[in-house]
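Below is one structure, written out as structure tokens, with a few remarks after it.
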Amino acid sequence: MKIKIIENALSNALSKIGLEEIPQIAFEKPNNPDHGDISTNIALQLASILKNSPTKIAESILQNLEYDESLIEKVEIAGPGFINFKFNTNYFTSQLEYIRSKNEIYGQQDIGNGIRVNVEYVSANPTGLLHLGHGRNAAIGDTIANIYEWLGYDVTREYYFNNAGNQMNNLVNSIYVRYLNLFNDTQQQIPEDGYHGEYVVEIANDLYNEYGEELKDGNYQDRIAIKKFGESWCFDKIKKTLTKMNIEQDVFYNEDSLYKEGKISDVINDLKEANLVYEKDGATWLKLSEMGLEDDRVIVKSSGEPTYRLPDIAYHKEKFKRGFDKIIDVFGADHIATIPDVMAAVKHLGYNTENIKVVIHQFVTLTKDGQQVKMSKRTGKSYTLDDLLDEVGSEVVRFFLIMRGNTTHLEFDLTLATENSDKNPVFYLKYAHARICSILENIENSDLVLSEVPDFSLLQSEEEINLIKSIIEFPDYIKLAANKYEPQIIVEYLREFASRFSTFYHSCRIKGEEEQILRSRLHLANIAKVVLKNGLSILGIKAPNKM
RNA sequence: GCGCCGGUAGCUCAGCUGGAUAGAGCAACAGCCUUCUAAGCUGUGGGUCAAAGGUUCGAGUCCUUUUCGGCGUGCCA
């Protein structure tokens with residue numbers, strides 16, 4: 001919305017009143033339509049400074065306010081001293097002509113200006129199958145990547161993984177036990193900290209089919225073979241699941257490459273040079289207490305192996321060195337503790353951590369028929385992301401996983417998701433789009449009608465204007481979602497949008513109306529179709545022509 | 001113990017930098033299909049915004065304390 005014009009007008013009025021310093025003027029969109037389209041509380045803010053009542057101040061601002069009457073219909077003082085602006089309906093309809101010219105690309109913006117953004121998400125190690133938590137991570141990350149692309153950023157979608165270290169050893173141990181159990185009488189148990197999932201049995205079966213009893217000794221070479229087999233088995237499944245979810249990442253970054261290319265030792269040297277580490281009990285410690293945090297932490301164990309913090313630091317340094325201007329990490333809430341450590345170190349190495357945004361999301365719980373489905377690691381029974389995708393499809397999965405705020409625990413209602421009915425919110429949006437397609441089909445020569453320039457000023461009813469207002473706001477919501485890293489903002493916007501379209505649809509007929517009206521309404525519906533299609537596409541959902 | 005996130009209608013959740021009468025979906029109830037898709041629309045009922053104090057013209061939103069739930073708190077990732 002054009003608040004710049006109002007802002008300037010207000011600034012001028014304020015200086016006429018005699019204000020030497022013009023303060024920041026805040027605007028908001030009133031939720032009560034009687035309060036106009038845009039509102040400012042500037043008079044309330046100035047009350048204590050000017051030692052006058054807000055209403056008096058508002059009055060004198062109004063007396064000195066000059067504005068374009070073709071744009072603004074009404075300016076009012078209301079309540080305790082708000083100044084409310086109501087736009088002329090012609091303002092809204094005139095915006096439509098510009099939007100119509102954008103057509104298919106409406107919503108795209110070039111504010112990113114090619115700035116390079118790295119969005120890291122999923123990043124599950126190849127030690128198992130993806131679960132619902134990964135799914136939420138994937139949906140949030142992929143949608144944020146889409147949003148930034150729509151804003152003209154140069155986006156790289158990245159997956160970071162570690163195929164070495166403790167976790168892989170645990171996987172190897174677990175597979176090995178299951179493998180021996182296939183042909184050995186002695187029923188060995190999986191170690192306490194091993195992987196108990198049923199998929200490990202599957203891996204062992206496949207392993208046996210490939211190698212027979214060749215690996216039964218479990219010597220060094222055997223373990224390497226088991227590790228390679230297990231890793232590619234898991235990665236294969238993970239990638240298939242992501243493909244099913246319509247996610248395609250550009251870079252799979254292996255933590256191991258940080259070691260091979262000397263990036264880890266480089267960072268240790270950097271840290272030593274910056275005097276940020278010390279030796280104690282045979283380990284290397286990071287001086288976090290000198291960086292404003294509570295406790296120092298080990299980054300290299302006495303065994304000589306680094307802890308996870310060190311590669312994390314090196315990895316973030318690498319992202320900067322690879323030329324990214326902005327770094328977005330999407331993590332589950334269980335990673336929350338390590339983030340401040342890593343950020344502090346990266347910052348003290350001289351990188352601007354303000355360009356790193358860590359998006360934390362809370363966990364997912366699964367409910368079915370009102371009962372919570374336990375996803376226990378101990379029993380090994382779990383409902384995987386893949387199961388879910390098979391059951392309800394990628395679009396419902398993606399939608400459900402982003403329809404709550406990142407910081408809220410998300411309850412995935414399987415019963416609701418499976419239901420192909422009006423209760424399922426994703427259908428509502430698709431349905432609105434399909435309806436518009438149906439209108440276009442039902443109008444004779446609709447292409448021809450759309451090729452002619454419409455008179456949008458004929459659209460004056462409340463339903464039409466409300467729809468137009470929502471159309472105009474589309475780019476603002478994309479920006480808001482980007483600034484907040486909240487895909488949910490797009491979801492909420494689209495629901496409201498579809499609702500306004502449906503209201504319009506029911507009260508304003510198109511087919512059979514007089515030619516001029518028909519043309520302008522058809523154009524309006526067609527623009528609404530673009531908004532729905534583009535909005536859904538940001539969420540990774542296709543807009544169907546028929547339902 | 002300490003740290004992070006959350007507690008808003010019967011249920012699931014919105015509520016942007018503090019603003020005017022706290023919203024949506026589902027569930028409940030009452031209407032609307034000879035007319036472009038009724039997977040829809042219109043209306044009704046439903047609230048001590050976990051509790052208490054504080055900041056101010058004004059608090060669901062900010063501060064303090066308490067409480068409940070989740071996660072974390074490792075020379076695991």
Side-chain angles (χ1 to χ4, degrees), chain A residues 24 26-32 34-35 39 41 44-45 47-48 53-54 78-82 84 123-125 127 162 165-167 170 193 255 280-285 294-295 297-309 311-312 332-340 360-363 365 367 370 403-413 416 419-428 430-432 434-443 446 476-477 480 483-484 486 488-489 491-492 495-496 498-499 502-503 505-513 521-522 525 546-547:
Chain A
Q24 184 78 34
F27 292 96
E28 65 156 18
K29 195 182 126 192
N31 34 23
N32 185 338
D34 293 341
H35 297 148
S39 159
N41 62 354
L44 292 139
Q45 301 287 355
S48 57
S53 85
F82 293 101
N84 298 333
S123 295
N125 289 333
T127 57
N162 175 15
N166 253 328
Q167 292 189 73
N170 278 337
D193 54 354
E255 180 183 318
K280 193 180 92 181
D281 306 330
T284 307
W285 293 70
E294 279 294 306
D295 299 312
R297 299 286 179 192
V298 170
I299 52 167
V300 183
K301 300 186 236 175
S302 51
S303 65
E305 284 175 290
T307 67
Y308 57 84
R309 288 186 181 84
D312 276 3
D334 51 342
H335 282 259
I336 216 161
T338 81
I339 294 160
I360 299 284
H361 64 85
Q362 292 296 320
F363 283 15
T365 53
T367 58
M403 73 179 182
R404 303 298 177 222
N406 297 335
T407 59
T408 310
H409 293 266
L410 186 151
E411 185 172 320
F412 196 106
D413 188 337
L416 179 61
E419 207 165 327
N420 278 9
S421 79
D422 55 332
K423 290 177 201 159
N424 195 328
V426 66
F427 285 92
Y428 185 65
K430 293 176 149 205
Y431 184 63
R435 268 182 156 173
I436 299 173
C437 294
S438 176
I439 295 170
L440 292 167
E441 251 182 42
N442 278 287
I443 303 290
S446 59
D476 296 337
Y477 277 95
L480 185 63
N483 290 338
K484 302 260 170 214
E486 272 287 8
Q488 190 210 27
I489 287 173
V491 173
E492 292 294 325
R495 285 173 122 153
E496 170 77 10
S499 166
S502 298
T503 304
Y505 175 87
H506 279 272
S507 66
C508 305
R509 281 197 64 80
I510 297 176
K511 191 181 175 184
E513 291 294 309
R521 283 184 181 163
L522 194 66
K546 267 192 169 43
M547 278 183 77

Heavy atoms under 4.0 Å is the rule here; annotate nucleotides 1-14 of chain B 5' to 3' with B where the base is hit, S where only the sugar-phosphate is, and - elsewhere.
---SSS-----BSS
Counting heavy atoms from C-beta on, name the nucleotide in B/C36, B/G74, B/C41 closest to the side chain of A/Tyr428.
B/C41
Nucleotide nearest A/Tyr505 when distance is taken to its side chain, options B/A77, B/G40, B/A38
B/A38
Interface polar pairs with nucleotides 42-45 of chain B, N/O, under 3.5 angstrom:
| residue | atom | partner | partner atom | Å |
| --- | --- | --- | --- | --- |
| B/U42 | OP1 | A/Thr503 | OG1 | 3.1 |

So what does A/Asp312 hit on the nucleic acid, given a heavy-atom distance under 4.0 Å: a base, only sugar-phosphate, or nothing?
nothing
In whole angstroms, the gap separating P of B/C36 from CG of A/Leu522 amounts to 15 Å
When rounded to the nearest 0.5 angstrom, what distance separates OG1 in A/Thr284 from CG in A/Asp281?
11.0 Å
Check if the side chain of A/Asn41 and the base of B/A20 share a donor-acceptor pair of N or O atoms closer than 3.5 Å.
no
Could you please name the option among B/G40, B/A20, B/C76 that lies closest to any side-chain atom of A/Tyr308?
B/C76
B/A20 base / A/Ser39 side chain donor-acceptor hit below 3.5 Å
yes
To the side chain of A/Thr307, which of B/A77, B/U73, B/C16 is closest?
B/A77
Whole angstroms only, please: what is the CD1-C1' distance between A/Ile299 and B/C75?
12 Å
Is it the case that B/C75 (base atoms only) and A/Ser302 (side chain only) share a donor and an acceptor within less than 3.5 Å, ignoring hydrogens and angles?
yes
For atom CG of A/Asp281 and atom P of B/G74, their distance in whole Å
16 Å
Base, sugar-phosphate or nothing for A/Phe363? Non-hydrogen atoms, less than 4.0 Å.
sugar-phosphate
Nearest-angstrom distance from the residue atom CD of A/Glu28 to P of B/A59:
15 Å
Just to be sure I understand: a Watson-Crick pair is purine N1 to pyrimidine N3 plus N6-O4 or O6-N4, both under 3.5 Å. Using that and G-U wobbles, which stems of three or more pairs involve RNA chain B?
B:1-7 with B:67-73, B:10-13 with B:23-26, B:28-32 with B:40-44, B:50-54 with B:62-66
Regarding A/Phe27, tell me which of base, sugar-phosphate or nothing describes its non-hydrogen contacts under 4.0 Å with the strands shown.
base
Of the listed B/A20, B/C75, B/C71, the closest approach to the A/Asp334 side chain comes from B/C71
Does A/Ser53 reach a base, just sugar-phosphate, or nothing at all? Heavy atoms under 4.0 Å.
nothing
Nearest-Å distance, CG (A/Asp476) to P (B/U17)?
16 Å
Roughly, in whole Å, what's the span from CD in A/Glu513 to P in B/U35?
16 Å
